[in-house]
There are 2 protein chains.
Amino acid sequence: MATESSGFPLPEETVEEVSRTFKALGDPTRIRILHLLSRGEASVGRIAGALSLSPSAVSHQLAYLRNLRLVKYRRKGSTYLYSCLDDHVLALLHQTIRHVEHG
Amino acid sequence: MATESSGFPLPEETVEEVSRTFKALGDPTRIRILHLLSRGEASVGRIAGALSLSPSAVSHQLAYLRNLRLVKYRRKGSTYLYSCLDDHVLALLHQTIRHVEHG
DNA sequence: TCGATATTTGAGCGCATATTCATATATTGG
DNA sequence: CCAATATATGAATATGCGCTCAAATATCGA
C-alpha cells in the first residue's frame, strides 16, 4: 500500500491536472526528449539528431511540453537551447524508468 | 535535479513500457477508478455509481487496467470485486495527486 | 427452469493527437 | 541586404482511444 493522499471524491480540477501531467509522460517521443534533456540543455536540431526525429516533430513536442511548463528555452544565436523545468515530473520519469528496468 | 537513472539512449522496450504505464494514468476516468480502488476493493456497479459512469464504460477501463496488471478481481456471487495490484503505480498516482494539490 | 441482475464483449462513432509537409520567422555570415 | 541555417507554426492526415449501444455470458433466487 502506498502513502495516504487526497480524500474522495477527487476534485475535478485535481483529476484534470494529474491527467495532463501523466499524459505528457505517456508518449514515447516525449519520454525520450525529457530523458535527454535531463542530462542538460540541448538544441532542437541536436535532439532531433540524437533521437532520429524530424526537427519539426521535435519542435511540436517541445511546444507541447512548454505549454505545460515542463521545459524552458533560451536563445543562443540562431538556436534555441531547451532544458527541463519541472523536477517533480523528472523524478516521476526516472523513478519509473528504474522501476521498469530492474523492478 | 532528480535522481540518476538509465543511460542514453533509452532502450526501445523500456520506453514502450514506461509509456504504457504513464498512458494508463493519463486518463481522468482511470485516475478516478484507481483512486477509488486504492481505498479498497469495489464492484463494477459500485464504481460506476460512485463515479457517475456507465457500468460498460467502467468495465472497459477495468479490462484495460487488467491487461496491464494494474488491477485484479475476484468473484463474489454474481459481482466482480476489483482491487489494485500495482503498488508502484499507486505510489506514482498518490505522489502526483499530493504534488498537484499542494505542491 | 425462468427471469432478473451483474458484468463482459464487440462494433461503431466522434474526438484527440502525433507526425509530415509547406510555409513563415528570425538570426548569422558574407 | 541576401542567402543560408535554425526553428516555429499551421493545415492536413492518420492513427489511437473513450464512450455508447446492443448483445452475449454468468449467477442467483423464486
Side-chain angles (χ1 to χ4, degrees), chain A residues 10 12 15-37 41-85 93, chain B residues 10 12 15-37 41-83 85:
Chain A
L10 231 34
E12 177 67 21
V15 172
E16 289 302 326
E17 175 72 13
V18 171
S19 162
R20 267 190 294 274
T21 300
F22 284 127
K23 206 168 289 186
L25 290 168
D27 175 72
T29 298
R30 286 192 292 270
I31 289 175
R32 278 188 264 256
I33 290 175
L34 287 172
H35 178 252
L36 194 160
L37 288 183
E41 59 182 6
S43 71
V44 175
R46 190 163 170 69
I47 298 172
L51 304 181
S52 303
L53 296 168
S54 76
S56 178
V58 171
S59 180
H60 275 295
Q61 296 294 8
L62 287 172
Y64 179 108
L65 296 172
R66 231 167 46 215
N67 284 334
L68 270 61
R69 317 262 176 215
L70 301 189
V71 302
K72 64 178 176 182
Y73 69 92
R74 68 182 181 96
R75 293 198 79 132
K76 171 75 177 289
S78 67
T79 77
Y80 289 35
L81 291 176
Y82 279 83
S83 53
C84 288
L85 193 54
L93 178 59
Chain B
L10 233 33
E12 177 68 22
V15 172
E16 289 302 325
E17 176 73 12
V18 171
S19 161
R20 267 190 294 273
T21 301
F22 284 126
K23 205 167 290 185
L25 290 168
D27 175 72
T29 298
R30 286 193 292 271
I31 289 176
R32 278 188 263 257
I33 290 176
L34 287 172
H35 179 251
L36 194 160
L37 288 183
E41 60 181 7
S43 71
V44 175
R46 189 163 170 70
I47 298 173
L51 305 181
S52 303
L53 296 167
S54 76
S56 179
V58 172
S59 179
H60 275 295
Q61 295 294 9
L62 287 172
Y64 179 108
L65 295 171
R66 231 166 46 215
N67 284 335
L68 270 63
R69 316 262 177 217
L70 301 189
V71 302
K72 65 179 175 181
Y73 70 91
R74 69 184 181 95
R75 291 199 79 131
K76 173 76 177 289
S78 67
T79 77
Y80 289 37
L81 291 176
Y82 279 84
S83 54
L85 193 54

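A note on names: the letters A, B, ... follow the listed sequences, proteins ahead of strands, and every chain is numbered from 1.
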Got a second to check how far [X]'s [atom1] is from [Y]'s [atom2], nearest 0.5 Å?
X	Y	atom1	atom2	answer
Leu51(A)	Leu10(B)	CG	CG	10.0 Å
Phe22(B)	Asp27(A)	CZ	CG	12.5 Å
Leu70(A)	Ile33(A)	CG	CD1	11.5 Å
Thr21(B)	Ile31(A)	OG1	CD1	8.5 Å

- Query: In degrees rounded to 10°, what angle is found between the helical axes fit to the five outermost pairs at each end of the helix from dT1(C)-dA30(D) to dG30(C)-dC1(D)?
  - Reply: 20°
- Message: In the structure I gave you, are the side-chain heavy atoms of Leu25(A) and Leu34(A) within less than 4.5 Å of one another anywhere?
- Response: yes
- Would you call Leu37(B) and Ile47(B) a side-chain contact if the rule is heavy atoms closer than 4.5 Å? yes
Measure [atom1]/[X] against [atom2]/[N] and give the value in whole Å, please.
X	N	atom1	atom2	value
Asn67(A)	dA16(C)	CG	C1'	16 Å
Leu25(B)	dG18(D)	CG	C1'	16 Å
Lys23(A)	dC15(C)	NZ	P	15 Å
Leu62(A)	dA8(D)	CG	P	7 Å
Tyr64(B)	dT7(C)	OH	P	22 Å
Ile47(A)	dT19(C)	CD1	P	13 Å
Glu16(A)	dG18(D)	CD	P	13 Å
Leu53(A)	dT19(C)	CG	P	7 Å

- Would you classify Arg30(B) as touching base, sugar-phosphate or nothing, given that sugar-phosphate means primed atoms plus P, OP1 and OP2, and contacts are heavy atoms under 4.0 Å? sugar-phosphate
- Note on the structure: From the list Arg66(B), Arg74(B), Lys72(B), Glu41(B), side chain to side chain donor-acceptor pair (under 3.5 Å) partner of Tyr82(B) resolves to Arg66(B)
- Between residues 71-82 of chain A and DNA chain D, which residues have a heavy-atom gap below 4.0 Å? Ser78(A), Thr79(A), Tyr80(A), Tyr82(A)
- Set of residues satisfying ring pair (Phe, Tyr, Trp, His ring centres under 6.0 Å) with respect to Tyr80(B), sequence neighbours excluded: Tyr73(B)
- Task: May I ask you to evaluate whether Gln61(B) reaches the phosphate of dC17(D), defined as a side-chain N or O under 4.0 Å from OP1 or OP2?
- Result: no
- Message: Test: side chain to side chain donor-acceptor pair (under 3.5 Å). Region: residues 53-63 of chain A. Which pairs qualify, not counting sequence neighbours?
- Response: Arg30(A)-Gln61(A)
- Given protein heavy atoms under 4.0 Å, the one-letter contact record of nucleotides 9-14 of chain D, with B base, S sugar-phosphate only and - none, is simply BB----
- Message: If the condition is side-chain hydrogen bond (donor to acceptor under 3.5 Å, both in side chains), which residues does Glu16(A) pass it with, not counting sequence neighbours?
- Response: none
- Query: Does Ser43(B) reach the main-chain N or O of Leu81(B) with its side chain, forming a donor-acceptor pair under 3.5 Å?
  - Reply: no
